[in-house]
Amino acid sequence: MACFTVPAVEAVVVAVAAKIIEKKEKDPVTVNLPTQGGHTETVQKTPFSRKLKWLSWLQLGGCVLLAFEHIWHGEIVPWFPFLAAMSNPADAAEMFHEMATVGVTMAILTTVVWVGMLIVSSLIEKRAIRNAAAAAQE
Amino acid sequence: MTLLITVFAAVICTAIWYKNAGKSEMNLGILCWMFWGASAMWLVDALFEYAELKAEYFAPAAENMLNDTFLGLSVVALGLVIWIVSVLIKDPKGVVRAKLLKKKDVPVKEDAVKAE
């Protein structure tokens with residue numbers, strides 16, 4: 001009914017937080033990685049603000065397509081208050097229940113997926129730096 | 001069906017993005033985020049529906065399945081439209097800009113040539 005609004009709100013909050021953090025962030029950490037042929041390549045670690053943007057893109061992207069699905073099913077209408085379920089209290093109560101269950105679970109799942117991405121990306125970065133350090137010692 | 005079609009779209013887009021990573025300026029990331037985000041959200045929808053319907057969830061009526069397939073394809077089409085519009089607006093190769101700002105051939109004035 002309007003479950004997608006919950007992750008949409010989280011996406012907007014995260015996008016604003018990412019912008020604020022981006023302004024406060026210092027220069028990203030740079031690392032010299034050895035490449036084939038004995039050369040070195042200077043790379044930058046992905047700043048946290050950029051990683052935070054991944055979450056907002058994931059949620060906003062999903063919400064756009066889910067909003068289309070709701071228009072398809074006639075749950076979003078082109079007149080105020082734009083949600084068909086708001087026309088009577090019984091439907092509105094059902095909508096709020098769905099937002100509290102399905103919507104919150106959607107927000108949690110996308111956040112969990114993002115946390116997984118953070119862990120994997122952090123492991124990849126650490127492994128690359130460790131390998132670079134080992135290569136430098138040899 | 002909508003979930004399945006979106007997951008396939010997400011996997012295909014991610015594979016194309018990975019293959020062209022670093023080389024392509026086609027902003028494929030936007031497609032990956034959209035399709036993966038929608039897939040995760042529809043997965044939650046599917047789980048709640050499964051909890052309600054149990055085994056009946058896997059035996060949808062033909063009419064519902066057709067409608068869901070049509071919806072899934074429309075969702076993929078919408079995602080592709082959003083992506084192509086974003087590419088044209090960002091214009092990484094400068095193609096649109098070059099088309100809009102065509103170089104104008106300025107005719108050489110005869111007097112100026114004679115003076116030289």
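By convention in this document, chain letters (A, B, ...) are assigned in the order of the sequence lines, proteins followed by strands, and residues within each chain are numbered from 1.
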query: Of all of A:T110, A:I108, A:T101, A:V113, which one pairs up most often with chain B through heavy atoms under 4.5 Å apart?
result: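 Most heavy-atom pairs within the cutoff with chain B belong to A:T101.
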Looking at [X], I want to see if its [atom1] is surrounded by more than 12 non-hydrogen atoms of other residues, nucleotides or ligands under 6.0 Å.
X     : atom1 : answer
B:M65 : CE    : no
A:M86 : CE    : no
A:F82 : CZ    : yes

- request: Against chain A, label B:T2 side chain, backbone, both or neither, depending on which of its atoms sit under 4.5 Å from a heavy atom there.
  value: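 For B:T2, no heavy atom lies under 4.5 Å from chain A.
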Grouping I, L, V, M, F, W and Y whenever their side-chain heavy atoms are under 4.5 Å apart, do [X] and [Y] come out in a common cluster?
X      : Y      : answer
A:I119 : A:I124 : no
A:M106 : A:M95  : yes
A:L55  : A:V120 : no
A:V13  : A:V6   : no
B:L43  : A:V64  : yes

- prompt: Where along residues 26-40 of chain B does a heavy atom come under 4.5 Å of chain A, listed by residue number?
  reply: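 Within residues 26-40 of chain B, the residues under 4.5 Å from chain A are B:W33, B:M34, B:F35, B:W36, B:G37, B:A38, B:A40.
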- request: With chain A as the partner chain, list the residues of residues 77-85 of chain B whose heavy atoms fall under 4.5 Å from it, by residue number, and write 'none' if nothing qualifies.
  value: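 When heavy atoms of chain A are the reference, residues 77-85 of chain B contributes B:L78, B:G79, B:I82 within the under-4.5 Å range.
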message: Taking salt bridge (charged side-chain N to carboxylate O under 4.0 Å, His left out) as the cut-off, I'd like each qualifying pair that reaches into residues 48-64 of chain A, sequence neighbours left out, listed once.
response: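 Found A:E22-A:K53, A:K51-A:E125.
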May I have the list of side-chain donor-acceptor pairs in residues 68-80 of chain A shorter than 3.5 Å, sequence neighbours left out?
unit_1, atom_1, unit_2, atom_2, d
A:E69, OE1, B:W42, NE1, 2.8
A:E69, OE2, A:H73, ND1, 3.1
A:H70, ND1, A:L66, O, 2.7
A:W72, NE1, B:N67, OD1, 3.3
A:H73, ND1, A:E69, O, 3.3

- request: Please flag which part of A:L109 lies under 4.5 Å from any non-hydrogen atom of chain B: side chain, backbone, both or neither.
  value: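 Answer is side chain: those atoms of A:L109 sit under 4.5 Å from chain B.
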query: Where is the tightest heavy-atom contact between A:G62 and B:M41, given as atom of each residue plus distance?
result: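 Distance-wise, the nearest heavy atoms are C-SD, 3.9 Å.
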message: Please identify, among B:V44, B:V75, B:L71, the residue contributing the most non-hydrogen atom pairs under 4.5 Å to chain A.
response: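 Ranked by heavy-atom pairs under 4.5 Å with chain A, first place is B:L71.
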